[in-house]
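Inspection log for the structure reproduced underneath, given as structure tokens.
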2 protein chains.
Amino acid sequence: MKPENATYFHSIQIYMFNKETEYALRSLVYIQSQNNQGLRPGIEEIATAAEAPQSFTAKILQRLVRVGFINSIKGKGGGFYFEKDKPDLPLKELIVAIEGDSLFNKCGFGMKNCSCENPCPIHNDYGIIRDEINRLVSEKTIQNLAQEFNYIGIGV
Amino acid sequence: MKPENATYFHSIQIYMFNKETEYALRSLVYIQSQNNQGLRPGIEEIATAAEAPQSFTAKILQRLVRVGFINSIKGKGGGFYFEKDKPDLPLKELIVAIEGDSLFNKCGFGMKNCSCENPCPIHNDYGIIRDEINRLVSEKTIQNLAQEFNYIGIGV
DNA sequence: TATTTAGAAGACAAAAAGGTCTTCTTATTT
DNA sequence: AAATAAGAAGACCTTTTTGTCTTCTAAATA
């Protein structure tokens, strides 16, 4: 006797990126877009624009400074900025720094030794998806997104 | 003074599916593949084959029984099985039941109101990926995978 | 140089995901 | 009917993710 219209009794969320990556992504794009206008936003402004929790964003940005993706200036008039002469930052670099490369390597079916010789049941189809993700995050840079962002206007 | 070769000081894992979905997927495929041979595996056998924690898998399978995806028989000689006359189960149904549909709906950039009229900076590229994921999980069924699984042989 | 502003650092806390264990129920077998 | 086998149910625990708060440090300015 099983209930016919029963639903799974809890619901979990899954996203392409986790929160940390998502906040980092939006924050960096905002920083770059402000830099483009000669401005150097502070943490409060960034968190608001990126719709991200301020303290958490502060911590994330600190890490990104440490890794060398962005620079910061302390004290009055301080804020975050990209160094002008650095090459554009592909999204993939950011993602790998934060999440590692499991998104780009791990088997979709969870097999440990999934390979072309010993493929999982969704090996080929999943490969297409992974290649597409790889292409997107390798080609697009924070600076690309900031351009579009400027064009589209704010409103994350 | 920032360290030049610094790495992000922690690492988080991100996968296409979460553990629960992954275990469910592998368990169901195993159940189907055994059913194909006239067998009705029990929880211990399934968990071992799916390389999933036994108690956790038991809980997941209980939920899947409640939702009606599979059936079970208690007591000696019991086990799990798919009802013969039910239509094949697309992966998407399983995923949506467990995780909800955020994988198929949510904006990759995390914008609340991302749409074609008000697109996020990666709207189009991400759309391609999402469509591809959608196609994969809509077309493929547990029964499809079980066929391939039988062909490939066990060894998740 | 004192004050103020703003990022840095890290301890701490809440929530979600992942997982275990015990007890109960149902079916089979002797 | 008793014993045994195996799934059902749910309390409970652990780890990871997500997030806050306080204190420290550096820069600018009056």
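Sequence lines set the chain letters: A, B, ... in the order given, protein chains first and strands last, and positions in each chain run from 1.
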Between P of D:dT18 and CG of B:N18, the distance in whole Å: 13 Å
Taking only Lys NZ, Arg NE, NH1 and NH2, and the carboxylate oxygens of Asp or Glu, determine whether A:K140 and A:E148 approach each other closer than 4.0 Å. yes
OP1 or OP2 of C:dG18 less than 4.0 angstrom from a side-chain nitrogen or oxygen of B:Y23, does that happen here? no
Please identify which of these residues, A:I128, A:I95, A:L103, meets the side-chain contact (heavy atoms from CB on, under 4.5 Å) condition with A:I133. A:L103
Quick one: do A:V29 and A:V96 end up in the same hydrophobic cluster if we chain Ile, Leu, Val, Met, Phe, Trp and Tyr together by side-chain heavy atoms under 4.5 Å apart? yes
I'd like to check the ring pair (Phe, Tyr, Trp, His ring centres under 6.0 Å) partners of B:F104; sequence neighbours left out, ordered by chain and number. none
d(NZ, A:K76; P, C:dT1) in whole Å: 18 Å
Spacing between B:F56 atom CZ and D:dA8 atom P, to the nearest angstrom: 16 Å
Residues two or more places apart in sequence or in another chain: which of them pass ring pair (Phe, Tyr, Trp, His ring centres under 6.0 Å) with B:F80? none
Grab the CD-C1' distance between B:Q54 and D:dG7 for me, whole Å please. 11 Å
Below 4.5 Å, heavy atoms only, C-beta onward: do B:S138 and B:P90 meet side chain to side chain? no
Would you tabulate the pairs of protein nitrogen or oxygen atoms and nucleotide nitrogen or oxygen atoms of nucleotides 8-14 of chain C closer than 3.5 angstrom?
{"unit_1": "C:dA8", "atom_1": "OP1", "unit_2": "A:S72", "atom_2": "OG", "d": "2.7"}
{"unit_1": "C:dA9", "atom_1": "N7", "unit_2": "A:Q62", "atom_2": "OE1", "d": "3.3"}
{"unit_1": "C:dA11", "atom_1": "N6", "unit_2": "A:K59", "atom_2": "NZ", "d": "2.9"}

When rounded to whole Å, the CZ to C1' distance for the pair B:R63 and C:dA17 reads 11 Å
Please compare B:P41 and A:T57 by the position of their nearest nucleotide in DNA chain D and report the one closer to 5'. B:P41
CD1 of A:I60 versus P of C:dG7: gap in Å, rounded? 15 Å
Length of the CD-C1' vector between B:E99 and C:dA16, whole Å: 14 Å
B:I46 CD1 to D:dG7 P, in whole Å, measures 7 Å
